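This one's a predicted model, so the numbers in the text were calculated from it and none came from an experiment.
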Amino acid sequence: PGRRDGQAAALASLAGLVFIGWSLAGDRAPAPAVTAGVPAQPGAREQPFTQARLDGLRAEGRLVFVNMTAAWCVSCLVNERVALTETVRARLEEAKGVYLKGDWTNQNPEITRLLERHGRSGVPLYVLYPGSGEPEVLPQILSESTLLESIERLSRPARRAVLSPSGTRDGPG
């Protein structure tokens with residue numbers, strides 16, 4: 001009975017996610033086509049992902065949030081509704097960060113390479129790249145607080161303690 005209960009709970013959870021995704025997709029306008037290499041319109045909140053764009057932003061030392069998604073991805077639809085809120089987008093902009101979104105609906109090879117580089121065989125994949133240093137792969141099920149905390153942590157310049165000759169801390173704390 002214990003194993004069957006666990007399987008039933010997992011199946012019920014999956015059915016719930018499918019229902020949520022289906023209901024969210026019903027009132028959602030179709031996503032605009034994303035064309036690789038086309039610059040975002042001025043004032044756009046997200047830009048189409050290309051590896052060249054990501055590499056360029058990293059070379060500039062910019063904070064970059066990468067969202068790899070697909071039209072058929074239920075988790076992606078839920079995360080976009082629940083976690084990728086206006087608050088998160090505003091905080092990313094305040095941090096001078098850039099939001100790159102890749103659409104893997106039709107199995108884009110450039111996106112496939114990025115997925116593989118991070119040990120994934122599918123979407124969703126959320127990666128936050130700091131201005132310098134190693135990227136942070138975020139959970140597949142996101143929350144607004146997880147995103148806000150990660151943006152805050154990775155957008156802060158590294159604090160360096162300055163020790164006085166007596167060994168006490170000087171400077172900002």
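- Rounding to the nearest 0.5 Å places CD1 of I111 at 9.0 Å from CH2 of W104.
- Taking the side chain as every heavy atom from C-beta outward, P124 and N67 never approach each other to under 4.5 Å.
- In this structure a side-chain-to-backbone donor-acceptor pair under 3.5 Å is present from S155 to I151.
- Not a single side chain to side chain contact (heavy atoms under 4.5 Å, CB included) links E134 to another residue, sequence neighbours left out.
- Transitive grouping of hydrophobic side chains (ILVMFWY, heavy atoms separated by less than 4.5 Å) keeps Y129 and L63 in distinct clusters.
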Quick one, T112 with E116, criterion side chain to side chain contact (heavy atoms under 4.5 Å, CB included). Give me CA distance, side-chain angles, the key distance, then yes/no.
CA-CA 6 Å; T112 301; E116 290 171 349; 3.6 Å; yes
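- Between the side chain of E110 and the backbone N or O of Q51 there is at least one donor-acceptor pair closer than 3.5 Å.
- One distance of note links CG of L138 with OG of S143; it measures 10.0 Å at 0.5 Å rounding.
- Separating the SG atom in C76 from the NZ atom in K101 is a distance of 9.0 Å, to the nearest 0.5 Å.
- In plain terms, the two heavy atoms of Q107 and W72 that are nearest each other are NE2-CZ2, 4.2 Å.
- For the atom pair T146 OG1 and Y126 OH, the distance stands at 12.0 Å (nearest 0.5 Å).
- Residues L154 and V64 are members of separate hydrophobic clusters, defined by side-chain heavy-atom contacts under 4.5 angstrom among Ile, Leu, Val, Met, Phe, Trp and Tyr.
- Ion pairing between E93 and R89 fails under the 4.0 Å rule for side-chain N and carboxylate O.
- Nearest heavy atoms, V127 versus P135: CG1-CB, 3.6 Å.
- The hydrophobic cluster containing V123 does not contain Y99, counting ILVMFWY residues as joined when their side-chain heavy atoms lie under 4.5 angstrom apart, directly or transitively.
- Closest heavy-atom contact between V88 and A83: CG2-O, 3.2 Å.
- Taking both residues in full, the closest heavy atoms of V98 and L57 are given as CG1-CD1, 3.6 Å, listed atom of the first, atom of the second, then distance.
- Atom CG in L142 sits 5.0 Å away from atom CG in L147 (nearest 0.5 Å).
- Separating the CG atom in L148 from the CG atom in L92 is a distance of 10.0 Å, to the nearest 0.5 Å.
- In the displayed structure, N106 atom CG is contacted under 6.0 Å by at most 12 heavy atoms of other residues, nucleotides or ligands.
- Contact annotation: the side chain of V137 approaches that of L125 to within less than 4.5 Å [non-hydrogen atoms, C-beta and beyond].
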Where do L128 and R153 land on the side chain to side chain contact (heavy atoms under 4.5 Å, CB included) test, with the steps shown first?
CA-CA 11 Å; L128 192 59; R153 185 177 59 260; over 6 Å; no
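- Without hydrogens or angle criteria, N79 side chain to Q140 main chain gives a donor-acceptor distance under 3.5 Å.
- In terms of heavy-atom proximity, G133 sits nearest to R58 at O-NH2, 2.7 Å.
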Carefully, step by step, assess E60 and K96 under the rule side chain to side chain contact (heavy atoms under 4.5 Å, CB included).
CA-CA 11 Å; E60 293 173 16; K96 306 290 188 240; over 6 Å; no
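- Contact record, N108 with D103: CB-O, 4.2 Å, taken as the closest heavy-atom pair.
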